[in-house]
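Below, each value reflects all heavy atoms present in this structure, side chains not excepted, and no hydrogens, waters or symmetry copies. Throughout, protein chains are lettered first and strands after them, A, B, ... in sequence-line order, and every chain is numbered starting at 1.
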Amino acid sequence: MPASYSVVRVAGTRPSERRAIALLVCDEDPELDAKEVLDSLGGKAEREVRTRFDHWIEGGHNDRWFHGWPNDRRYKECFVFKWKEKRINHRLYGFLCNPRPTTNPRLRLCVLVSHATKSEWETDPSELNGAEGLRTKAPVKAAVASAFPDKKKELLH
Amino acid sequence: MSSKHWTDRSAQDFLYRIGSDFVSQIEKAMEKNGVNQAELAKKVGVSEGRISQLLNNPGNFTLRSVVQVARALGNKVSIIAYDDGDPGNRNGPVNALIFELCWERAGRPTDFFAAEERPQSAYNAEWQDLGGEIHGVAGTTLRAVPGDDPDNYVVVYDGGT
């Protein structure tokens, strides 16, 4: 049976015409653990991650908090949010897309897919390969489109 | 969670978020001044551990420690209450850097007189070379220049025969 994906917005973030953050969920794929990890955060770590989400949504820049790989042809639509808790480096990996090219060409949606802890300088390519693979997968694209429909306003006659 | 912003959950959440904005500004000032945490701790008169606690957990700031840290870096602090048309806090706080950006663009006024006057730099920045020329008059250029009323500009042309 094919895996079924769904996309849920991260609750409690600022509504914006320019940026949004969502989570990719699939019960059949335990690798997609971004939502589970985010839901499990509490206290300072949760506030820290939400503050970093806010900063990206409002158009801020901070490479220590989040970044993409715009100069890497393989991963130029991949994205990561970062934080540290108890000396462990945490990462939430995902991909960028625009599910509303017709009604909102400026929208950038970050769909977070997986969590990893990082001890090496280099990013584990399997995380980026995973995110990039999901970005182009038809059922994932359908799930994104369902959560963020691209509807034109009906003309009133 | 409701449609409200996460900082609406509690005062502690709101404090953490605006404290984090402050930490971003402090880290920028530390980098600009070439000051590390140990040096900042010495300037403030606290332990390096205390500075680390503050910078790593912005919810720990008190008004006193905000002033102490900012002043140790030669900066000042203001407390601003503002109405952004979002009393239900759906959008979260406006980032402190936005206020700083607006203040910079207004010419960094430090009193009400300066705030009411439009700075010359703003005029200069808004002089526009409109390009083109007056129809049928060769060699003219069109420029918008500030008039007596700072909200209106006068279009003038140069040159022409």
Side-chain angles (χ1 to χ4, degrees), chain A residues 6-23 25 34-67 81-90 92 104 107 110 112 147-148, chain B residues 1-32 36-37 48-61 82 84-102 104-105:
Chain A
S6 62
V7 167
V8 296
R9 290 176 188 249
V10 173
T13 52
R14 174 197 185 101
S16 165
E17 288 292 307
R18 301 293 295 267
R19 289 185 173 171
I21 302 177
L23 302 156
V25 180
K35 184 176 187 305
E36 183 189 335
V37 168
L38 191 59
D39 287 347
S40 73
L41 293 179
K44 178 183 169 288
E46 194 240 358
R47 289 179 179 134
E48 191 166 309
V49 173
R50 285 191 170 281
T51 294
R52 294 171 187 205
F53 284 174
D54 279 353
H55 199 57
W56 181 72
I57 288 172
E58 63 200 14
H61 301 278
N62 190 325
D63 280 351
R64 290 189 301 111
W65 291 4
F66 48 77
H67 64 79
F81 281 91
K82 310 192 272 190
W83 77 98
K84 202 168 181 176
E85 188 181 7
K86 293 176 183 167
R87 299 187 181 185
I88 297 173
N89 294 306
H90 293 265
L92 279 175
N104 188 356
L107 174 64
C110 178
L112 296 173
F148 292 85
Chain B
M1 195 177 296
S2 67
S3 60
K4 296 205 174 201
H5 193 261
W6 67 274
T7 55
D8 204 60
R9 297 182 311 203
S10 67
Q12 194 58 32
D13 282 326
F14 201 100
L15 171 60
Y16 185 97
R17 170 56 215 275
I18 61 174
S20 188
D21 289 356
F22 175 69
V23 168
S24 290
Q25 294 182 301
I26 290 302
E27 287 176 341
K28 197 167 123 189
M30 286 170 71
E31 196 179 324
K32 182 182 168 192
N36 60 27
Q37 285 192 15
E48 190 179 345
R50 179 59 185 152
I51 289 293
S52 177
Q53 273 181 351
L54 289 173
L55 297 184
N56 287 316
N57 193 348
N60 282 338
F61 272 104
Y82 57 91
D84 65 348
D86 178 34
N89 196 18
R90 197 164 161 254
N91 301 330
V94 174
N95 195 302
L97 291 172
I98 302 291
F99 289 107
E100 192 182 354
L101 202 63
C102 292
E104 298 271 354
R105 286 185 180 173

Check your understanding: Hey, are Glu58(A) and Arg17(B) close enough for a salt bridge, meaning a charged N less than 4.0 Å from a carboxylate O?
Key -> yes
**Study point:** Most chain A-contacting option - heavy-atom pairs closer than 4.5 Å, from Asn56(B), Leu97(B), Asp8(B)
**Key:** Asn56(B)
**Study point:** Over 12 foreign heavy atoms within 6.0 Å of CD, Glu27(B)
**Key:** yes
Practice item. Assess whether atom CD of Glu31(B) is packed by more than 12 heavy atoms of other residues, nucleotides or ligands within 6.0 Å. Key: no
Practice item. Any chance you could measure Arg50(A), atom CZ, to Tyr16(B), atom OH, to the nearest 0.5 Å? Key: 12.5 Å
Review point. In Å, rounded to the nearest 0.5 Å, how long is the span from OG of Ser3(B) to CZ of Arg9(A)?
Key: 11.5 Å
Revision key, fill the gap. Residues at least two apart in sequence or cross-chain that pass side chain to side chain donor-acceptor pair (under 3.5 Å) with Asp13(B), listed by chain then number, are Arg47(A), Arg9(B), Ser10(B)
Point to revise | Pro93(B), part contacting chain A, at a heavy-atom distance under 4.5 Å | key: backbone
Revision key, fill the gap. Of all heavy-atom pairs linking His55(A) and Asn95(B), the shortest is ND1-ND2, 3.3 Å
Exercise for review: Answer with side chain, backbone, both or neither: which region of Trp83(A) has an atom nearer than 4.5 Å to a non-hydrogen atom of chain B?
Suggested key: neither
Review point. Checking heavy atoms, do the side chain of Arg52(A), its backbone, both or neither come under 4.5 Å from chain B?
Key: neither
**Study point:** Check: Gly59(B) main-chain N/O paired with Lys44(A) side-chain donor or acceptor under 3.5 Å
**Key:** no
